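Values in this document were obtained by computation on a predicted structure and should not be read as measured data.
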Amino acid sequence: MQLLSGNEAIARGAWEAGCHIGAAYPGTPSTETMESFAKYSEVYAEWANNEKVALEVAVGASAAGARVLVTMKHVGVNVCADPLFTAAYTGVNGGLVILAADDPGMFSSQNEQDSRYYAMAAQVPMLEPSDSAEALSFARDAFELSEKFDTPFFIRSNVRVSHTKTPVELGTRTEVPIKDYQTDPAKWVMMPAFAKPRRKVLAARVNELRRWVEDCSYNRVERNSDKIGIICAGSQYQHVKEAAPEASIFKLGVTWPLPAQALRDFAASVEKCYVVEEGSVYLSEQVKAQGVILDEFEIALPETGEVHPSDIRVSLGYDQPEHLPVQEDVPGRPPAFCCGCPHRIVFKELSRMKAIVTGDIGCYTLGALPPLSAMDVTLDMGASVSMAHGFELALDRNENLDRRRPVVAVIGDSTFAHSGLSSLLSTVYNKGAGTVCILDNRTTAMTGQQGNPFNGVTLQHRESNELNLPAILEALGVDKVHQVDSYDLAEVRSAVKDATAATDRLDVIVFQHPCVLLDKSKKPTFVVSDKCTACGVCTKLGCPALSVDAETGCAVIDQTQCIGCNQCAQYCRFDAIGPC
């Protein structure tokens, strides 16, 4: 018996099933799954540049006979939707399992989604574990099920299942030989002449899955009171057990397709029947679609965010346990760039010039927060470049607009590889002008310092190619490419000023400096001398090591946090900041 997180358990289950290959793009809360899988010596694992590519690699490996695991967060399913829907037509050769890790409450995401809608729309079966033990067993079984039904299988988790550690009984690896590949264009070439017959195969498969799910052991009924019955799945099962221990429970382990007759029988066996879910109404709508009449809660469950046991108790009209009052004088701790973050000066300069900044997905999104307040919009991976082009197109046509505010796109190196490259290609193709800043910190920082094509670090530390970012930009036809040290204020200011002053060309500035979390060496820290005039300029950088003395108003540097990056010293006009 061992404590594993849901992510670690899914990786273990895949390994025990004899899975040969893993592909992923890192994204919280899914990231640790592929990192854990990659540690097993018997497997090959890689970071792809995006989720679409990861799934396409997986479909190719599956067609060639290997068992393959693909992992991603919920918004990554959007990116891979194109191959996903067609993979449901082609089916598999070797088992193909896709982890979709949802994020109710948006702890590290730009939206809430319910990936079960994708399972329903693509007609790909979905398993939904409620703890790590089920995560392991479901993942282990999913490969055999995938091959049995000739279809990819989804596993859906959420933050609670992905990151909570619960006891797991470990098994051994079953070595599964890679299947032979047989040429079969009618199965694998999805042009209309072949896709139409495969659509009929898909329909027949769905009917077979609907029969299988009625007696599937992953769905179970726990009989208690015949007064109240609750239908639930995933982590909500654990919350229902805590909130309403007397209720009968229909625990769904398969959330698409649903066991229609079993659900109707359960609802008929209790006086009142409810569905408990979070983040969407997928489950209640689909349960109703099976002919089940659900009762309404006295107080509706929260429509957004996570649903906790206390929420369920309130909805059922139960008394609430008393909790200790929250201390009111606890100071807020908003997220901020790390001390010495190489992105800080870039955003400070964009803020100074009042640029319209289109941002992207990464830790640099924190540039939107005070005191920098230097980002206007963020949408999705790669959107910064496309949106900047859109801004330019619209603003150029506004005759009454004061164009002294330049438009600047900001994107990270990993995100640029993910989908920013295609956005920039489109801008170049359409003769777009403007400024794009690529913040190259040599890693995929926000999800835990993973490798990407521009730092050449692979998941299992194999020999690799480190792609030449400036050379790629020049090859695309970018009018002017700048390379700047992110730590050098004078260089940053000069490059941004030069790029934004040119309204008839496309400039890309590559700001280069490693993420501070990659450099573990200790540098001399900085201190504030008596030359400080309490002007406050340095503290507006938003560095966690900088604060203001309550009595004098002068800057204070916390020596335990300062890493000696010299950024604040460059902004001090009075030479009041220097190394110890």
Verify, without hydrogens or angle tests, whether Asp376 (side chain) and Thr358 (backbone) share a donor-acceptor contact under 3.5 angstrom.
-> no
Test side-chain contact (heavy atoms from CB on, under 4.5 Å) applied to Leu439 and Ser486, step by step = CA-CA 8 Å; Leu439 308 182; Ser486 305; 5.8 Å; no
Which word best sums up how the rings of Tyr40 and Trp15 line up, parallel for under 30°, tilted for 30 to 60°, or perpendicular for over 60°?
-> parallel
Which heavy atom in Leu372 sits nearest to a heavy atom in Gly367, and how many Å separate them?
-> CB-O, 3.9 Å
Any donor and acceptor pair, going by atom type alone, linking the side chain of Ser146 with main-chain N or O of Thr151 inside 3.5 Å?
-> yes
Glu144 atom CD, over 12 foreign heavy atoms within 6.0 Å = no
Does Lys73 use its side chain to pair, donor to acceptor, with the backbone of Thr28 at less than 3.5 Å?
-> yes
Give a yes or no on whether the backbone of Gly95 and the side-chain of Glu147 come within a donor-acceptor separation of less than 3.5 Å.
-> yes
Nearest 0.5 Å please: distance from the CG atom of Asn49 over to the CG atom of Asn452.
-> 9.5 Å
Side-chain donor-acceptor pair present, Ser414, Tyr25, cut-off under 3.5 Å | yes
Glu306 vs Asn158, side-chain contact (heavy atoms from CB on, under 4.5 Å): CA-CA, chis, key distance, verdict = CA-CA 10 Å; Glu306 293 187 298; Asn158 60 18; 5.9 Å; no
Hey, could you give me the OH/NE2 distance between Tyr429 and His389, rounded to the nearest 0.5 Å?
-> 11.0 Å
Would you call Phe511 and Ile345 a side-chain contact if the rule is heavy atoms closer than 4.5 Å?
-> no
Does any N or O in the side chain of Asp103 come within less than 3.5 Å of the main-chain N or O of Ser108, such that one atom is a donor and the other an acceptor?
-> yes
Do His239 and Val276 pass the side-chain contact (heavy atoms from CB on, under 4.5 Å) test, and can you show the C-alpha distance, the side-chain angles, and the key distance before you say yes or no?
-> CA-CA 9 Å; His239 293 174; Val276 170; over 6 Å; no
Can you tell if the side chain of Val346 reaches within under 4.5 Å of the side chain of Tyr364, non-hydrogen atoms only?
-> no
N-O pairing of Lys52 and Glu56 below 4.0 Å = yes
In Å, rounded to the nearest 0.5 Å, how long is the span from OG of Ser162 to CG of Asp102?
-> 9.0 Å
Would you say Arg205 and Leu209 make side-chain contact, with heavy atoms under 4.5 Å?
-> yes
Looking at OG of Ser386 and CG of Leu379, how far apart are the two atoms once the value is rounded to the nearest 0.5 Å?
-> 9.5 Å
Side-chain contact, heavy-atom cut-off 4.5 Å: Tyr487 with Arg344?
-> no
Please tell me if the side chains of Glu46 and Val57 come closer than 4.5 Å, counting only heavy atoms from C-beta onward.
-> yes
Of all heavy-atom pairs between Ala63 and Asn93, which one has the smallest distance, and what is that distance?
-> O-ND2, 3.2 Å
If we ignore angles and hydrogens, is there a donor and acceptor under 3.5 Å between the side chains of Glu112 and Thr304?
-> no
Okay, side chain of Thr164, backbone of Val161: is any donor-acceptor separation there less than 3.5 Å?
-> no
Verify side-chain contact (heavy atoms from CB on, under 4.5 Å) between Glu303 and Val281, making sure each step is shown before the conclusion.
-> CA-CA 9 Å; Glu303 294 182 350; Val281 292; over 6 Å; no
Main-chain N/O of Gln512 paired with Asp440 side-chain donor or acceptor, under 3.5 Å | no
N/O donor to acceptor pairs below 3.5 angstrom from side-chain atoms of residues 75-91, sequence neighbours left out:
| residue | atom | partner | partner atom | Å |
| --- | --- | --- | --- | --- |
| Asn78 | OD1 | Gln113 | NE2 | 3.1 |
| Asn78 | OD1 | Tyr118 | OH | 2.6 |
| Asn78 | ND2 | Gln113 | OE1 | 2.7 |
| Thr90 | OG1 | Ala87 | O | 3.2 |

Just how far is it from atom CD of Gln236 to atom CG of Leu252, taken to the nearest 0.5 Å?
-> 12.5 Å
Residue pairs fulfilling ring-ring contact (aromatic ring centres under 6.0 Å, His included) with at least one residue in residues 120-148, sequence neighbours excluded | Phe138-Tyr218
Is the backbone N or O of Asp485 less than 3.5 Å from a side-chain atom of His513, with the two atoms forming a donor-acceptor pair by type?
-> no
Check each of Thr443, Asn468, Ile472 against Phe454 using the side chain to side chain contact (heavy atoms under 4.5 Å, CB included) test, and report the only one that passes.
-> Ile472
Any side-chain donor paired with an acceptor under 3.5 Å for Asp360 and Thr415?
-> no
Tell me, do Ile438 and Leu473 make a side-chain contact under 4.5 Å, heavy atoms counted?
-> yes
Mind checking salt bridge (charged side-chain N to carboxylate O under 4.0 Å, His left out) for Glu134 and listing every partner two or more places apart, or none if nothing turns up?
-> Arg220, Lys251
Between Arg198 and Asp150, is the closest basic N to carboxylate O distance under 4.0 Å?
-> yes
Over all heavy atoms of both residues, which pair between Leu518 and Pro514 is shortest? Give the atoms and the distance, please.
-> CD1-CB, 4.4 Å
Under 3.5 Å, is there a donor-acceptor pair between the Thr71 and Thr33 side chains?
-> no
When rounded to the nearest 0.5 Å, the distance separating OG of Ser115 from CG of Leu99 is 9.0 Å
Side chains of Asn50 and Ser419, donor plus acceptor under 3.5 Å = no
Measure across Ile411 and Gly382 and return the closest heavy-atom pair with its distance rounded to 0.1 Å.
-> CD1-CA, 4.1 Å
Looking at Lys39 and Glu8, does any basic side-chain N land under 4.0 Å from a carboxylate oxygen?
-> no
Between Val516 and Asn441, is any pair of side-chain heavy atoms under 4.5 Å apart?
-> no
Just by modelled atom types, is the Thr255 backbone N or O under 3.5 Å from a matching donor or acceptor in the Arg116 side chain?
-> no
Which is it for Ser284 and Glu277 under the side-chain hydrogen bond (donor to acceptor under 3.5 Å, both in side chains) test, yes or no, and what are the steps along the way?
-> CA-CA 8 Å; Ser284 57; Glu277 61 183 330; 2.9 Å; yes
Among residues two or more places apart or on two chains, list those pairs meeting ring-ring contact (aromatic ring centres under 6.0 Å, His included) that have a residue in residues 145-185.
-> Phe149-Trp212
Would you say the side-chain atoms of Gln238 pair up with the backbone N or O of Ser130, donor to acceptor, closer than 3.5 Å?
-> yes
Residues at least two apart in sequence or cross-chain that pass side-chain hydrogen bond (donor to acceptor under 3.5 Å, both in side chains) with Arg462, listed by chain then number, are Tyr44, Gln460
Is there side-chain contact between Cys232 and Ile249, with at least one heavy-atom pair below 4.5 Å?
-> yes
Just by distance, with hydrogens left out, do Asn111 and His74 show a side-chain donor and acceptor under 3.5 Å apart?
-> yes
Quick one: which of Val478, Val508, Val436, Val385 gives a side chain to side chain contact (heavy atoms under 4.5 Å, CB included) with Thr427?
-> Val385
Could you tell me which residues satisfy side-chain hydrogen bond (donor to acceptor under 3.5 Å, both in side chains) with Ser132, sequence neighbours excluded, listed by chain and number?
-> Thr166
Arg12 and Glu16 ion-paired at < 4.0 Å | yes
